Amino acid sequence: MPPTELLFYALLAVVALVAVAIFNHRQRKARERVELESERLAFEEFERQQDERRQRIQRLVAQFDDV
C-alpha cells in the first residue's frame with residue numbers, strides 16, 4: 001500500500017473520529033437541555049399546586065373569619 005493511500009485512510013479515520021465526537025457532544029448537550037426543561041416544568045407545576053393550596057387555605061380562613 002503506497003504511503004499516500006495509507007495517509008488518506010489515516011486522515012479519513014481521524015475525520016470519522018472527530019465527526020463521532022461532535023455528534024456525541026451534541027447529543028449529550030441535547031439530553032442536558034431536555035433534562036433541564038423537564039426539571040423547570042416540574043418545578044413550575046409544583047409552584048402552581050402550592051399557589052392553589054395557599055388560595056384554598058386563604059378562602060377557608062376567610063370563611064371562618066366571616067363566622
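Each residue takes its place number in the sequence, starting with 1. What you see is a predicted model; the values in this text were computed from it and never measured.
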Visitor: May I have the step-by-step check of salt bridge (charged side-chain N to carboxylate O under 4.0 Å, His left out) for Arg31 and Glu35, ending in yes or no?
Guide: CA-CA 6 Å; Arg31 280 192 300 273; Glu35 185 178 322; over 6 Å; no
Visitor: If you define the side chain from C-beta out and look only at heavy atoms, does anything of Arg28 sit under 4.5 Å from Asn24?
Guide: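 No, every pair of side-chain atoms sits at 4.5 Å or beyond.
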Visitor: State plainly whether the residues Glu37 and Arg33 are in salt-bridge range, i.e. N to O under 4.0 Å.
Guide: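 So Glu37 does not pair with Arg33 through a salt bridge.
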Visitor: Going from CD on Gln50 to CD on Glu52, what distance comes out if it is rounded to the nearest 0.5 angstrom?
Guide: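 Interatomic distance, Gln50 CD to Glu52 CD, rounded to 0.5 Å: 10.0 Å.
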Visitor: Inspect the surroundings of CZ in Arg48 and state if more than 12 heavy atoms from other residues, nucleotides or ligands are less than 6.0 Å away.
Guide: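 Yes, enclosed.
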Visitor: What distance do Thr4 atom OG1 and Phe8 atom CZ have between them, rounded to the nearest 0.5 Å?
Guide: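 Those atoms lie 10.0 Å apart.
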Visitor: Just how far is it from atom CG of Leu6 to atom CG of Leu11, taken to the nearest 0.5 Å?
Guide: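 Here the interatomic distance stands at 10.0 Å.
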Visitor: Between CG of Leu41 and CZ of Phe46, what distance do you get to the nearest 0.5 Å?
Guide: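 So the gap between those two atoms works out to 15.0 Å.
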Visitor: What's the spacing between Gln49 CD and Arg56 CZ if we round to 0.5 Å?
Guide: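 The distance works out to 9.5 Å.
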